[in-house]
Structure formats: C-alpha cells, structure tokens
Amino acid sequence: MKRKRTYFMIEDLVFEVEKPEIPVKHIKKTQVKIENEEYKELRKEFNEDVYHIVKTPDGWVISEKE
C-alpha cells in the first residue's frame with residue numbers, strides 16, 4: 001500500500017505531516033521562524049536607528065523614531 005501524504009494548513013503556513021496530528025509547539029516554532037525572516041527583510045529596507053519596527057496581530061507597524 002502506498003503511503004499517502006497529509007497536509008496541515010494554518011494561516012499561510014502549510015505543513016506536510018506523517019500523522020494527521022501536529023503539535024502546537026511545532027506550529028509556534030515555525031511561525032517564529034517566519035517572523036524572524038520577515039523582520040530581517042524589513043531591517044534591510046528600514047534602518048533601526050531611524051524607525052521602530054513592531055509586530056502586531058494585524059501585521060508589522062513601522063514608524064519613525066522621534
């Protein structure tokens with residue numbers, strides 16, 4: 001019997017899993033990795049000496065420092 005693949009999707013993340021269950025810890029770890037990559041890209045465009053870069057539930061907020 002050929003093994004079938006199981007995919008799990010939450011928000012914009014897609015996981016391939018061997019079992020239909022996936023631990024919440026794994027999801028949170030992956031979300032943090034993605035947020036870190038997004039933050040690195042934003043830092044390339046916006047200098048942290050000039051801008052505040054903050055993650056909110058609605059997305060990233062970038063504002064100038066006073």
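Values in this document were obtained by computation on a predicted structure and should not be read as measured data.
Rounding to the nearest 0.5 angstrom, the gap separating the NZ atom in K55 from the CG atom in L42 is 9.5 Å. Separation of atoms CD (E48) and CZ (R43) is listed at 5.5 Å; rounding is to 0.5 Å.
The number of heavy-atom neighbours closer than 6.0 Å to CD of E45, taken from other residues, nucleotides and ligands shown, is 12 or below. Heavy-atom contacts from other residues, nucleotides or ligands closer than 6.0 Å to NZ of K65 number more than 12.
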Walk me through it: do W60 and I53 pass the test side-chain contact (heavy atoms from CB on, under 4.5 Å)?
CA-CA 7 Å; W60 291 95; I53 303 172; 3.7 Å; yes
For a side-chain contact (heavy atoms from CB on, under 4.5 Å) check, start with the C-alpha distance between K25 and K28, then their side-chain angles and the critical distance, and finish with the verdict.
CA-CA 5 Å; K25 182 179 177 182; K28 289 184 179 184; 6.0 Å; no
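Residues E37 and K40 are in side-chain contact: their nearest non-hydrogen atoms beyond the backbone lie under 4.5 Å apart.
Taking every heavy atom of both residues into account, I62 and F46 meet most closely at CD1-CE1, 3.5 Å.
Grouping the Ile, Leu, Val, Met, Phe, Trp and Tyr side chains by contacts below 4.5 angstrom, directly or via other members, places Y39 with V50.
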